Amino acid sequence: MRDFSYLRASSVDAARQASALPGAMLLAGGTTLIDLAKCGVAEPDTIVDITHLKGLDAITVDDQGATIGALAKMSSIADHADIKSRFPAVSEALWQAASAQIRNMATIGGNLMQRTRCPYFRDGENFPACNKRTPGSGCSAIGGVTRGHAVLGTSETCIATYPGDLAVALVAFDALVHLGDRQVAVDDFFLPPGATPEREHAIQPGEVITAISIPASAAARRSTYLKVRDRQSYEFAAASAAVGIEFEADGRTIRDLRVALGGVATKPWRARGVEAALRGKVLEADTVRRASLLAVEGAIDHGANHYKIELAPRVVARAILELGETA
């Protein structure tokens, strides 16, 4: 067992100071940290416990949008009446994530900070080459078993898929991550691997996620999260889509459209090409299916994950058309 120090932060400021220490990691729900520690990926020198900090679990929703404290539990957010009515894609993404036990423990801040489930990243004993775990060592996934790996946002150094569901919906609806003195768009908070795959989040030493805010919009109110996976529960997405639509007065012409993909990219992936192609268009099945092909523009497969290039546009089209039926 690896020895580490335990520090119980007395305030958010104290947590920020402690988290800036070399080798420090925050403990909230613990569902990610403990998991990574068990497989030897996370080896903290200091655990900074923030579970008891007051005020960081609040959920408030008004006409301007929603603000969700970083310590709010996934299940509490998913079941919140105003989140379900004004941001249904957010609620649906949370309910389709993980197991009930994990949803009851995991916090929204920890959810955003979760790391990839790439088996090559998590098994350092059998696969020592992983640029996320050991920069410069190589990528065992390239040339390996790639069925679950990314086809969008990849680089020569990493093809690991971002595993989460919630962040896909947050990216679709322009959510912000609150880091104390600054705010970062969720879309910018997650970093593509590029030449530095070990850096996954735009968070600096000494910064702590305190909240997430989601602006209100008509598209967010009429939204859904569609997740396709190998089994119906407790499984990561083969491909998923968070979609929101606002129609003109005729109920068929698309005024605004939001689309983000999960399960197919190295980060939550905003499909802006699909959005631009369908804004101002009448919702028709053939038009939607053609535009949805833009969701995987620039995709690169590595053999066994080629099916995602065909699957993702179908998931996007299905989600858009199902929302259209409720107009």
Side-chain angles (χ1 to χ4, degrees), residues 89 93 116 118 139 141-142 146-165 167-175 185-195 197 200 219 223-229 236-246 253-324:
T116 182
C118 173
C139 177
I142 297 176
T146 60
R147 187 178 185 277
H149 285 77
V151 296
L152 291 167
T154 60
S155 72
E156 294 181 354
T157 66
C158 184
I159 60 171
T161 304
Y162 174 75
D165 296 290
V168 179
L170 296 179
V171 164
F173 302 110
D174 299 321
V186 173
D187 198 11
D188 296 327
F189 182 75
F190 294 95
L191 305 175
E200 298 177 357
S223 64
T224 191
Y225 183 73
L226 178 60
K227 182 177 182 178
V228 174
R229 45 191 166 174
F236 300 105
S240 65
V243 172
I245 300 179
E246 178 186 5
T253 303
I254 299 172
R255 174 181 294 175
D256 188 20
L257 177 67
R258 313 292 182 88
V259 181
L261 300 174
V264 297
T266 55
K267 57 173 281 185
W269 197 260
R270 186 75 176 262
R272 298 186 188 277
V274 179
E275 297 173 352
L278 288 174
R279 286 195 185 104
K281 300 292 195 306
V282 174
L283 186 75
E284 295 178 344
D286 288 344
T287 302
V288 169
R289 292 190 181 103
R290 284 195 300 271
S292 294
L293 295 174
L294 297 172
V296 290
E297 191 172 30
I300 299 173
D301 73 277
H302 286 77
N305 61 349
H306 177 80
Y307 74 98
K308 294 191 177 192
I309 298 177
E310 297 182 6
L311 178 61
R314 296 179 185 181
V315 174
V316 170
R318 178 179 158 192
I320 293 173
L321 292 172
E322 287 182 354
L323 279 180

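Computed over heavy atoms, backbone and side chain alike; hydrogens, waters and symmetry mates excluded. Treat the numbers as computed from the prediction; the structure is a model and nothing was measured. In this chain, numbering begins with 1 at the start of the sequence shown.
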With a 3.5 Å distance limit and no angle check, can you tell me whether [X] reaches the backbone of [Y] through a side-chain donor-acceptor pair?
X    : Y    : answer
T161 : T116 : no
R279 : L257 : yes
N305 : A150 : yes
T266 : G153 : yes
K227 : G262 : no
T146 : H302 : yes
S223 : A89  : yes

Side-chain heavy atoms of [X] within contact of [Y], under 4.5 Å:
X    : Y    : result
F189 : K267 : no
L261 : K308 : no
I159 : I142 : yes

Residue of the set V288, T253, L323 for which side chain to side chain contact (heavy atoms under 4.5 Å, CB included) holds with L283: V288
Just jot down the side chain to side chain donor-acceptor pair (under 3.5 Å) partners of R270, sequence neighbours excluded, or say none. D174, E275
Report the residues that fulfil side chain to side chain donor-acceptor pair (under 3.5 Å) with Y225, sequence neighbours left out, ordered by chain and then residue number.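 Checked Y225 against side chain to side chain donor-acceptor pair (under 3.5 Å); matches are D165, S240.
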Answer yes or no: are there more than 12 heavy-atom neighbours, outside R229 itself, under 6.0 Å from its atom CZ?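 More than 12 heavy atoms, drawn from other residues, nucleotides or ligands, come within 6.0 Å of this atom.
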Taking side chain to side chain contact (heavy atoms under 4.5 Å, CB included) as the test, write out the residues that go with E156, two or more places apart. none
For a quick test of reading the model, state the closest non-hydrogen atom pair linking A312 to V296 and the distance between them. CB-CG1, 3.7 Å
